[in-house]
Amino acid sequence: MKRLFSTPKKSDPAKHDYGAALEEMNAGQTELAPGLRNLYSPQVTTLRTRIRDVADILAERELLNAEQVEQLRQERRQNGLPLEQLLSRYDITPEQILDAKAKLYGYPFRRITPDDVDKKAFVKLDIKYILTNHLLPIAMTDKTLTVGSCDPANVFAIDDVKRQTGMAVDVVVCLEEDIEKVCDELDETKFNYNLDEFVSDLDDIELVQDSDDDIEDLEKSAGESPVIKFVNYLLSNALHEGASDIHIEPKEKNTKIRYRIDGVLFETMQAPAKMHPAIVSRLKIMSNLDISERRVPQDGKIAVIMGGRGVDLRVSVLPTSHGEKVVIRLLDSKSIMIGLDKMGMAPRVLDALREEIARPHGILLVTGPTGSGKSTTLYSALAQMDSVTMNVSTVEDPVEYNLEFCNQVQVNEKAGLTFSGALRSLLRQDPDIIMIGEIRDSETGRIAVQAALTGHLVLSTLHTNDAPSSVSRLVNIGLEPYLIAASLNGILAQRLVRRLCSNCKEPFTAPENLRKYLDIGQIEPHELLVGKGCDQCRNTGYAGRCGIHELLIVDDSFREIINTDSSVNSMRRAFRQSGWPSLFEDGLNKVKCGITSIEEVLRVTAAEGLDPAAFSHNACTEEVL
């Protein structure tokens, strides 16, 4: 009897590869027809190969256990939510999640700050494009652009960057908040205020100044929106321009605004004279000063957030003939901790200074006028101390920068806490290293010497023109020469000179009146560079500053001279014989290397009338950093 039903024969794999089709279905790549599903429907899990994900990496790093990983995957299957969203309920930071995601895609992970970003790379992409796609240009070479991304899976955006720039793209993974902070600081468009509109708005505000009872009018005008915007612009623009001080100066017909940039004042704008009281009152309100008092000087502080970081402002108000002049010092912690190796010291000077700050006891002085970078040098030296195993303490007036690695004492003479009183108490606090803001009188000097002679390392500043004259200054304030000789280890004198703008500097042949100075440094006239001026340097030819230094190491021969003849001439003669470069000679070294100009060195050093024969040519041929 002929079979009505027969067992189907095995299908030819070449014609019907059901297994491959089912694997594609399990991988989510295709959907089988209903008829095929009826013929053969094994369990999906038997053929699926699970892809490695972020949870696996977090488990390897012991941030998740096996039970938590299984629970996460089950919730993702049930709810369809992204794994990153489900991880938010666990004790795992966004940084740890993104770091794991970076490893998953084979990219490095790093935190990005504005200092890490090359501005030439940053402008390769529009700021709106960067914020929309979260792709931050960080650095570039001739053919490769490095971008930071908080979404490494977005390969389409990365390909778009390649198309826009015509460059190969390297990717590093970073946090979205880092991208936003960098854009907030480097975004040039937010500083494009319409100053004419500001001034016209200020002009529209009426202010009565004839009455003695105009405090309410001042408070009202200081709170007007145009005044607030104008003051906010002054502060944010000053930080953006790299200014260290803002001068608000009342004149007969207007108010002059000047910024100090790289040690030099530049006039930036003017405001209506009648609005000067409102601007000053706004600043007084911000710094908690008395707006009704206009006859005596006042000092205050303002703590603000600008560019995503905290900045302290020190406000000084001084009555003048046309009104109150205001000077605002911008204290940006970003600019103070730059490291000793980035100050432009010659290698020989840098090595010797590091040896001095590594000594167990003695006094190291940093000298120079106001604004010469003394505090930066001392803070950078303190940053190299082992604050974990040693007690590092400071006595300052005022405490300008808050440091995490040391204990800082604020002098308050009104409350009876003077330099000397704070130092006496500090010596009972078991210190290893003490920084004194300034040795300004005999009592402070004696306590510093006592601390140095009893096993403490003391760092301090002194206002003198050069290193050799510091010894005479200590004698003049009342310290005995034998105490100075026994406690003093070294003296570093320094100045700040402006750097030539790297964008517009070009060769320059020196005129005849500069030849005698070039002979001292063995510089050929045609070797000089000059900044011709461009948009990047405000047409000054200079951008940024660099230190020039003079280091006097107090050895046995200097101690003998201090004990016998501590006059300025005697100390300077001994210093020249020591072979260390003077301030002027170190400046010539930087001129020869194309870092600064001979005019800048002459501006900050007393080189006029000096005899070239008095200088050591060996000291003028040293390489600089």
Side-chain angles (χ1 to χ4, degrees), residues 263 343-346 348-350 352-353 356 363-378 381 438-440 445 459-477 479 481 484-485 487-498 516-517 520-521 545-555 557-559 561-562 565-591 596 598-620 622 624:
M343 292 184 177
M345 294 184 188
R348 181 187 177 195
V349 174
L350 179 61
L353 182 62
E356 292 303 312
I363 298 176
L364 173 65
L365 296 176
V366 181
T367 74
T370 301
S372 60
K374 299 187 298 296
S375 296
T376 301
T377 299
L378 286 179
E438 180 187 354
I439 295 179
R440 57 179 65 176
L459 282 66
S460 187
T461 68
L462 204 63
H463 284 91
T464 58
N465 291 327
D466 56 12
S469 61
S470 301
V471 175
S472 299
R473 169 68 176 155
L474 293 175
V475 173
N476 291 337
I477 66 174
L479 297 182
I484 300 172
S487 58
L488 192 60
N489 289 342
I491 307 167
L492 177 73
Q494 68 179 51
R495 299 286 190 279
L496 293 177
V497 295
R498 291 182 293 173
K516 62 178 180 180
Y517 303 115
I520 297 172
R545 288 192 288 179
C546 176
I548 59 175
H549 304 86
E550 175 180 274
L551 181 62
L552 188 156
I553 302 296
V554 182
D555 54 17
S557 62
F558 272 105
R559 290 190 172 92
I561 296 171
I562 293 172
D565 181 10
S566 57
S567 66
V568 174
N569 290 336
S570 176
M571 293 299 299
R572 283 177 178 166
R573 187 165 49 249
F575 178 73
R576 283 197 296 268
Q577 294 172 356
S578 69
W580 286 88
S582 66
L583 283 168
F584 181 59
E585 291 169 324
D586 190 40
L588 290 180
N589 289 333
K590 291 175 172 60
V591 171
T596 188
I598 187 68
E599 292 86 356
E600 267 297 288
V601 176
L602 292 172
R603 182 178 67 87
V604 301
T605 61
E608 292 293 341
L610 293 180
D611 180 11
F615 291 90
S616 168
H617 288 292
N618 292 331
C620 291
E622 191 172 355
V624 295

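Side-chain atoms are counted along with the backbone in the values below, which use heavy atoms only and exclude waters and symmetry mates.
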> Can you list the residues that meet the side chain to side chain contact (heavy atoms under 4.5 Å, CB included) rule with S570, with sequence neighbours excluded?
Replying inline: I561, D565, S567, R573
>> Measuring from atom CE of M345 to atom OG1 of T377, what distance do you get when rounded to the nearest 0.5 angstrom?
In response: 5.0 Å
> Roughly how far apart are L474 CG and L365 CG, rounded to 0.5 Å?
Replying inline: 6.0 Å
> Can you tell me if K590 uses its side chain to pair, donor with acceptor, with the backbone of G344 under 3.5 Å?
Replying inline: yes
>> Donor-acceptor check, side chain of E600 to backbone of R498, threshold 3.5 angstrom: yes or no?
In response: yes
> Between CG of L588 and OG1 of T605, what distance do you get to the nearest 0.5 Å?
Replying inline: 8.0 Å
> T596 and side chain to side chain contact (heavy atoms under 4.5 Å, CB included): which partner among I548, V591, V604, N589?
Replying inline: V591
> With side chains defined as the heavy atoms from C-beta onward, is the minimum distance between L583 and N465 less than 4.5 Å?
Replying inline: no
>> Could you check whether any side-chain N or O of Q494 sits under 3.5 Å from a backbone N or O of G368, counting only pairs where one atom can act as donor and the other as acceptor?
In response: no
>> Checking the side chain of S472 only, and the main-chain atoms of V568 only, is there a donor and an acceptor separated by less than 3.5 Å?
In response: yes
> side-chain contact (heavy atoms from CB on, under 4.5 Å) between R348 and W580: does it pass, once the steps are laid out?
Replying inline: CA-CA 9 Å; R348 181 187 177 195; W580 286 88; 3.6 Å; yes
> Can you name the nearest heavy-atom pair linking P581 to D586, along with the distance?
Replying inline: CB-N, 4.3 Å
> For the side chain to side chain contact (heavy atoms under 4.5 Å, CB included) test, which of N476, I484, V475 pairs with S566?
Replying inline: V475
>> Any side-chain to backbone donor/acceptor pair from E550 onto A467? Under 3.5 Å, distance only.
In response: yes
> So, do V554 and R559 sit near enough that their side-chain heavy atoms are less than 4.5 Å apart?
Replying inline: yes
>> I need the R495 CZ to T367 OG1 distance, nearest 0.5 Å.
In response: 6.5 Å
> Between H549 and L551, is any pair of side-chain heavy atoms under 4.5 Å apart?
Replying inline: no
> Are I553 and F558 close enough that some pair of their side-chain heavy atoms sits under 4.5 Å apart?
Replying inline: no
>> So, taking the atom named CD1 in I363 and the one named OG in S470, what distance separates them when rounded to the nearest 0.5 Å?
In response: 12.0 Å
> Is there a donor-acceptor pair closer than 3.5 Å between any side-chain N or O of K374 and the backbone N or O of P369?
Replying inline: yes
>> Can you tell me how far apart OG (S578) and CG (L552) are? Round to the nearest 0.5 Å.
In response: 6.5 Å
>> With heavy-atom distances below 4.5 Å as the criterion, would you say the side chains of I562 and M571 are in contact?
In response: yes
> For R572, what residues pass the side-chain hydrogen bond (donor to acceptor under 3.5 Å, both in side chains) criterion, not counting sequence neighbours?
Replying inline: D466
